[in-house]
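Presented below is the structure to which this report refers.
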Protein chains: 2
Amino acid sequence: MLFPIPTAKTDFEARAKVMKSLAHPTRLMMIEELSRGERCVCDLRDLAGCDLSTVSKHLALLKDAGIVEDEKRGKQVYYRLRVPCVLNFFHCLDSVLTARDRLG
Amino acid sequence: MLFPIPTAKTDFEARAKVMKSLAHPTRLMMIEELSRGERCVCDLRDLAGCDLSTVSKHLALLKDAGIVEDEKRGKQVYYRLRVPCVLNFFHCLDSVLTARDRLG
DNA sequence: AGAACGCTTGGCCATATAGCCAAATAAATA
DNA sequence: TATTTATTTGGCTATATGGCCAAGCGTTCT
């Protein structure tokens with residue numbers, strides 16, 4: 001690249017869409033669970049403890065954002081993490097939280 | 001620690017709050033700008049191109065989440081990044097986006 | 001084929017968020 | 001002290017999001 005490319009408005013919108021998909025406690029929980037291996041929707045429903053349709057919508061959102069991918073096998077649909085780097089977010093998030101608690 | 005501590009529901013909520021504060025294009029833009037050094041609110045208004053009150057509210061949100069801190073000097077209030085690790089998110093976000101574009 | 005299972009989709013309601021304008025506050029300057 | 005400058009806060013509206021229930025769809029099992 002010849003020039004330092006300024007980050008365009010649309011880039012921030014695209015990034016924000018991905019961030020948004022991660023910005024929900026249930027979805028973060030599902031992601032942590034998926035980091036241990038693929039899971040079917042019903043597994044995640046048991047974990048999340050909310051309606052199956054709600055879980056399904058959360059997963060559709062994550063899929064649309066590019067975070068997870070799904071595969072139908074038999075009666076079940078299995079989801080797995082597609083971009084493991086999102087797991088690094090957790091460490092940073094926790095450091096934000098401890099930093100905030102430390103200084104207020 | 002004797003036991004692997006299971007991540008509690010409240011932990012996910014706390015993390016999600018931080019993620020939420022990052023899940024907006026304008027706020028991501030402001031964070032990238034702040035990564036180059038501290039900026040006053042008016043600098044960021046020029047960058048974001050929206051109402052000053054809107055910018056101020058975005059910053060208050062980031063501050064509440066623990067991402068930025070502020071300091072009043074003279075007439076201006078200067079904001080700076082408090083947790084540089086959030087910048088690592090950008091690389092991951094972009095890799096999510098390219099991965100998504102590659103495979104659909 | 002019909003019933004059962006696993007999941008997704010549509011519809012609806014309640015709540016949360018983003019934006020602007022106007023008013024309030026705080027500090028610097030006249 | 002009065003005025004201007006820089007920012008925050010309150011109030012409002014429009015839109016987005018999350019949740020449930022009910023209905024739909026594709027597989028598997030009988």
Side-chain angles (χ1 to χ4, degrees), chain A residues 9-10 12-31 33-34 37-80 82 104, chain B residues 9-10 12-31 33-34 37-80 82 104:
Chain A
K9 194 175 177 181
T10 53
F12 288 115
E13 282 164 2
R15 288 173 176 177
K17 182 184 171 180
V18 178
M19 288 299 286
K20 270 192 179 184
S21 78
L22 299 168
H24 191 284
T26 302
R27 292 195 291 269
L28 290 178
M29 195 184 348
M30 297 196 305
I31 286 167
E33 181 67 13
L34 290 176
E38 64 174 20
R39 297 286 187 270
C40 68
V41 183
C42 54
D43 288 336
L44 296 168
R45 186 224 23 226
D46 294 344
L47 182 78
C50 56
D51 195 272
L52 188 67
S53 68
T54 303
V55 173
S56 179
K57 281 175 183 175
H58 281 310
L59 288 166
L61 215 142
L62 287 171
K63 184 183 167 187
D64 182 53
I67 307 291
V68 301
E69 59 191 357
D70 62 340
E71 185 190 345
K72 183 155 197 166
R73 289 205 306 276
K75 287 193 236 179
Q76 275 114 330
V77 177
Y78 289 90
Y79 280 84
R80 51 179 169 265
R82 198 159 154 225
Chain B
K9 194 175 178 180
T10 53
F12 289 115
E13 283 163 2
R15 288 173 177 176
K17 183 185 170 181
V18 178
M19 288 300 285
K20 268 191 180 185
S21 78
L22 298 169
H24 191 285
T26 302
R27 293 196 289 270
L28 289 179
M29 196 184 347
M30 298 196 304
I31 287 167
E33 181 67 13
L34 290 176
E38 63 174 20
R39 298 284 187 271
C40 68
V41 184
C42 53
D43 288 337
L44 296 168
R45 187 229 16 231
D46 294 344
L47 182 79
C50 56
D51 194 272
L52 189 64
S53 69
T54 303
V55 173
S56 179
K57 281 175 182 175
H58 280 310
L59 287 166
L61 214 142
L62 287 171
K63 185 183 167 186
D64 183 53
I67 307 291
V68 301
E69 58 192 357
D70 62 342
E71 185 189 346
K72 184 154 196 168
R73 289 204 308 273
K75 288 192 238 178
Q76 275 115 332
V77 178
Y78 290 88
Y79 280 85
R80 52 179 168 265
R82 197 157 154 234

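Naming convention: chains lettered A, B, ... in sequence-line order (proteins, then strands); numbering from 1 in each chain.
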Next item on the list: Determine, for Tyr79(A) and Arg39(A), whether the Lys NZ or Arg CZ falls below 6.0 Å from the six-membered ring centre while staying within 45 degrees of the axis.
Entry: no
Next item on the list: Mind calculating the distance between NZ (Lys17(A)) and P (dT17(D)) to the nearest angstrom?
Entry: 10 Å
Next item on the list: Measure the distance from CE on Met29(A) to P on dG18(D) and round it to the nearest whole Å.
Entry: 14 Å
Note to self: Students should find this one: the first and last nucleotides of DNA chain C, 5' to 3', lying under 4.0 Å from a heavy atom of chain B. What are they?
What the structure shows: dT17(C) to dA28(C)
Check: In whole angstrom, what separates Asp64(B)'s CG from dT8(D)'s P?
Finding: 14 Å
Mind listing the N/O atom pairs, protein and nucleotides 26-28 of chain D, below 3.5 Å?
none

Item checked: Distance (rounded to the nearest 0.5 Å) between His24(A) NE2 and Arg15(B) CZ -> 15.5 Å
Check: From Ile31(A) CD1 over to Phe12(B) CZ, what is the distance, rounded to the nearest 0.5 angstrom?
Finding: 9.5 Å
Check: Is the shortest distance from a Lys or Arg side-chain nitrogen in Lys20(B) or Glu13(B) to a carboxylate oxygen in the other one below 4.0 Å?
Finding: no
Checklist line | Set of residues satisfying side-chain contact (heavy atoms from CB on, under 4.5 Å) with respect to Lys63(A), sequence neighbours excluded | finding: Val68(A), Asp70(A)
Checklist line | From CZ (Arg27(B)) to OG (Ser21(B)), nearest 0.5 Å | finding: 6.5 Å
Item checked: d(CZ, Arg45(B); P, dT7(D)) in whole Å -> 8 Å
Notebook entry, point to check: Is it true that Lys17(B) and Asp64(B) make a salt bridge, defined as a side-chain N closer than 4.0 Å to a carboxylate O?
Noted result: yes
Checklist line | Atom of Val18(A), atom of Ala65(A) and distance for their closest heavy-atom approach | finding: CG2-O, 4.0 Å
Notebook entry, point to check: Looking across every strand, which nucleic acid part, if any, lies under 4.0 Å from Arg27(B) by heavy atom: base, sugar-phosphate, or nothing?
Noted result: sugar-phosphate
Check: His58(A) side chain N/O closer than 4.0 Å to the phosphate oxygens (OP1, OP2) of dT17(D)?
Finding: no
Notebook entry, point to check: Leu61(A) side chain: which of dG18(D), dC21(D), dT7(D) is closest?
Noted result: dG18(D)
Next item on the list: Using whole Å, report how far CZ of Phe12(B) lies from C1' of dG18(D).
Entry: 18 Å
Note to self: Students often get this wrong, so: under 4.0 angstrom with heavy atoms, is Lys57(A) touching a base, only sugar-phosphate, or nothing?
What the structure shows: base
Next item on the list: Name the residue closer to the 5' end of DNA chain D, choosing between Val77(B) and Leu52(A) according to the nucleotide with the nearest heavy atom.
Entry: Val77(B)
Check: How many Å lie between CG on Asp70(B) and C1' on dT8(D), as a whole number?
Finding: 11 Å
Note to self: For a quick test of reading the model: is some side-chain N or O of His24(A) closer than 4.0 Å to OP1 or OP2 of dG19(D)?
What the structure shows: yes
Notebook entry, point to check: Within less than 4.0 Å of OP1 or OP2 of dT8(D), is there a side-chain N or O belonging to Ser53(B)?
Noted result: no
Check: When rounded to the nearest 0.5 angstrom, what distance separates CE in Met30(A) from CG in Leu28(A)?
Finding: 9.0 Å
Check: Reckon Tyr79(A) touches a base, only the sugar-phosphate, or nothing at all at heavy-atom distances under 4.0 Å?
Finding: sugar-phosphate
